[in-house]
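Inspection log for the structure reproduced underneath, given as structure tokens.
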Number of protein chains: 2
Amino acid sequence: MIKRALKNINLLHSFECAARHQSYSKAAAELCISQAAVSQQMRQLEENLATQLFLRKSKSMLLTQQGKALLSGTQQAFKLLEKSINEITVEEIAGSLTISSTQAFTTLWLMPKLSDFSAQYPNINIRVMSSAQFEDLKEQHIDLAIRFGPRVKENTDSSLNCEYFGEDPVYPVCSEALTKKMDFKEPKDLLKTWLVSLENPGCYDWPSWFEHTNTQGYQEHQQWTEVHSTDMALNAVLNDHGFTLAARYLIIEQLKSGQLVMPINIPHPNVVKRYFVYDENSPKIARLNVFTNWLKQEMNATN
Amino acid sequence: MIKRALKNINLLHSFECAARHQSYSKAAAELCISQAAVSQQMRQLEENLATQLFLRKSKSMLLTQQGKALLSGTQQAFKLLEKSINEITVEEIAGSLTISSTQAFTTLWLMPKLSDFSAQYPNINIRVMSSAQFEDLKEQHIDLAIRFGPRVKENTDSSLNCEYFGEDPVYPVCSEALTKKMDFKEPKDLLKTWLVSLENPGCYDWPSWFEHTNTQGYQEHQQWTEVHSTDMALNAVLNDHGFTLAARYLIIEQLKSGQLVMPINIPHPNVVKRYFVYDENSPKIARLNVFTNWLKQEMNATN
DNA sequence: TTATATTATAAGCATAGCTTATAGTTGTAG
DNA sequence: CTACAACTATAAGCTATGCTTATAATATAA
């Protein structure tokens, strides 16, 4: 009995969950398995222990006295196990983190604010990598990827967490100096100057914006400048070179200082969704949480 | 990490064993699996935890600091689990037991001594069943079967314990009164009277005894009486009806009182081996142990 | 009565958990 | 030095466990 029960302790883990919820279907959801699996495991466990643990009562499961005793015991035991595993696997907060994101985000948002983070958390070293691709986190030893776009979740490996943390509109922006030379009152006025676009704009492309604003004639436009990343595009625009499309969070400071303006206040039809991609089972999870919480607060404060 | 480790706690169980022994092969022996399985489980666990637990050192396994910490934690946790399971599954000593054995044993040995047991353990109720077959313990709700013979072990289901607890010789016996009417000086003298045999004597049959004693002419013997069980055979013999073959432990009291004698002190070539057959995982294991220990002591005291 | 929300059961598939076989390593004895 | 013993590590393959989906059963509410 005892030997047989201790031969498959995983059943006890499922039991703790089902007993806590007093519901197989809730346990199934928590354990990410089917209700039928839970039902069969509990049947197996009751058989192994030759003891009834649940009283079936219509749509819920009351616990027998034995069930209650076993719940108490298993909870204590698993708490000990979890604590023990934590002690040997989870790193303390002090240490290093490797962050990967787009060149635009790292250059325009993260690097300017990193000193704030480092002042607040001097024991956490941040290493920043920029890339336009979705690299393999494990291969590149990346602890956290900050990614943008509409398909991040679908393109993220199922073993990783993909945590949405907000979204921003995208607008056409140009320098204030340029508005002093030319009038921009409606969308079609943008066709009077250069339009800076990305090599791979994805769904944040100029044609979508023009269609969204019912602007005719953009197909015949000749003054296109194509660049590799948004920070390069913004660099060109800051030097009076026409318009580019940019997410508002990236240019908050330049909008405040007046360097950049949004003459046409019509957002792109597609918003930029932001995600953290990380492994929740990483030993660095404690440190990761510190960083992501700080970033989320900074993002909220400046938006 | 933690989630993944807690998804398969059975690995931790194997770990506790391997870490305690600091040896995969010893753990394998204790767990009744192969060394290769242990090796692979430990590799899997180390991978799940992304932590080295063992330092391979020639023919043994030293524990890392993490390994030591995890050993400590797992031992505490499993002790809790075992205690918890014990509490809900193992019955206390007071209660009932169902014992099954041969009619001869129950009638001649057990029933006469049962009052002694009951006086000593008034809180244990014994229900006795006699049968010549090896019944299914589970189906018949038998807690303990006491079985005799040379092939008990082979005929016992592998899920049950088969515990040898001694053996006895078998002798030809008759009443003292009969020896006053007839002389029995050598084995062939037994052919002058009735020989009581069992319907199913197994290997404890008269022909084997006569062959063993190099006795001629038993094949022509005409005075055979066939009965169903040894207690019936002994009943006939106690009433001066010839000889029967009986295990010595069954007739100790009658030999002492002189009712029965063994004129020819040559044992049967096959001894009677005695076994307890029970489920070591039975909730009644504590009570079972009380009974079997008492029985063993009684058997030793009277032999 | 039907609809809903749960648990229970059956049948089938995939993979986890073993096995056997073998390779690799170390220590010891002759 | 070689041979051997005693371990652990790894690979390949098989079987049983652990799931899944589909459906049955049951209780409750409308």
Side-chain angles (χ1 to χ4, degrees), chain A residues 3-64 66-67 71 157-159 281, chain B residues 1 3-64 66-67 70-71 157-159 281:
Chain A
K3 297 227 173 145
R4 215 179 308 164
L6 283 177
K7 261 271 202 256
N8 194 350
I9 314 177
N10 292 333
L11 295 183
L12 291 170
H13 187 216
S14 298
F15 166 77
E16 188 277 331
C17 198
R20 176 166 30 93
H21 286 293
Q22 289 189 26
S23 158
Y24 284 177
S25 44
K26 283 182 183 144
E30 177 171 327
L31 297 166
C32 299
I33 55 176
S34 66
Q35 164 270 320
V38 174
S39 178
Q40 289 180 16
Q41 285 180 355
M42 293 305 100
R43 180 171 65 179
Q44 184 66 53
L45 183 60
E46 283 183 326
E47 187 180 310
N48 288 351
L49 295 177
T51 301
Q52 193 172 12
L53 301 169
F54 296 96
L55 293 172
R56 278 77 175 165
K57 183 167 164 38
S58 76
K59 295 189 206 167
S60 67
M61 312 292 294
L62 301 184
L63 287 171
T64 61
Q66 284 102 325
L71 175 61
D157 193 88
S158 64
S159 67
N281 293 311
Chain B
M1 191 64 53
K3 297 245 170 117
R4 215 178 310 167
L6 282 178
K7 261 273 203 254
N8 194 350
I9 315 177
N10 293 333
L11 295 183
L12 291 170
H13 188 214
S14 298
F15 166 77
E16 188 277 331
C17 199
R20 175 163 32 93
H21 287 293
Q22 290 189 28
S23 157
Y24 283 178
S25 45
K26 282 179 185 148
E30 177 171 325
L31 296 167
C32 299
I33 56 176
S34 66
Q35 166 269 321
V38 174
S39 179
Q40 289 180 15
Q41 287 180 354
M42 294 306 101
R43 181 172 65 180
Q44 183 66 53
L45 183 62
E46 282 182 328
E47 187 182 313
N48 288 351
L49 295 176
T51 302
Q52 193 172 11
L53 302 169
F54 296 95
L55 293 171
R56 278 81 174 162
K57 185 171 165 32
S58 76
K59 298 189 207 169
S60 67
M61 311 292 293
L62 301 184
L63 286 171
T64 62
Q66 285 103 321
L70 192 59
L71 173 60
D157 194 88
S158 63
S159 66
N281 292 310

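A note on names: the letters A, B, ... follow the listed sequences, proteins ahead of strands, and every chain is numbered from 1. All values below come from the heavy atoms of this structure, side chains included, with hydrogens, waters and symmetry mates left out.
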Nucleotides 3-13 of chain D: protein proximity per nucleotide (B base, S sugar-phosphate only, - neither; heavy atom, under 4.0 Å):
--BBSBBBBB-
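Rounded to a whole Å, the CD atom of Glu47(A) is 14 Å from the P atom of dA8(C). Atom P of nucleotide dT7(C) and atom CG of Leu63(A) are separated by 13 Å, given to the nearest angstrom. Taking atom CG of Leu62(A) as the reference point, atom P of dT6(C) lies 15 Å away to the nearest angstrom. We find that CG of Asn8(A) is positioned 13 Å from C1' of dC19(D), with the value rounded to whole Å. Between Leu45(A) atom CG and dT7(C) atom C1' the separation is 17 Å, expressed in whole Å. Rounded to a whole Å, the CG atom of Leu12(A) is 12 Å from the P atom of dG18(D). Atom CG in Leu53(A) sits about 16 Å away from atom C1' in dT7(C), given to the nearest Å. Rounded to whole Å, the distance from CG on Asn10(B) to C1' on dC18(C) is 13 Å.
Comparing the axis of the opening five pairs of the helix from dT1(C)-dA30(D) to dG30(C)-dC1(D) with that of the closing five pairs yields an angle of 20°, rounded to 10°.
Taking Ser39(B) as the reference, nothing meets the side chain to side chain donor-acceptor pair (under 3.5 Å) condition, with sequence neighbours excluded. For Met61(B), the side chain to side chain contact (heavy atoms under 4.5 Å, CB included) partners at least two apart in sequence or on another chain are Tyr24(B), Phe54(B), Arg56(B).
With a 4.5 Å cut-off on side-chain heavy atoms, Thr51(B) and Glu46(B) do not count as touching. Looking at Asn10(A) and Asn8(B), their side chains come closer than 4.5 Å, going by heavy atoms from C-beta outward.
A distance of 6.5 Å separates CG in Asn48(A) from CG in Leu11(A), rounded to the nearest 0.5 Å. A distance of 13.0 Å separates NE2 in His13(A) from CG in Leu45(A), rounded to the nearest 0.5 Å.
For Gln66(A) (side chain) and Leu53(A) (main-chain N/O), no donor-acceptor pair under 3.5 Å exists by modelled atom type. Ser14(B) contributes no side-chain N or O that, together with a main-chain N or O of Leu12(B), makes up a donor-acceptor pair within less than 3.5 Å.
For dC19(D), the OP1/OP2 oxygens have a side-chain nitrogen or oxygen of Gln41(A) closer than 4.0 Å.
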Pairs under 3.5 angstrom only: tabulate donor-acceptor contacts from the side chains of residues 28-37 of chain B to other protein residues two or more places apart or in another chain.
residue	atom	partner	partner atom	Å
Glu30(B)	OE1	Arg20(B)	NH1	3.1
Glu30(B)	OE1	His21(B)	NE2	2.7
Glu30(B)	OE2	Arg20(B)	NH2	3.0
Ser34(B)	OG	Ala37(B)	N	3.2

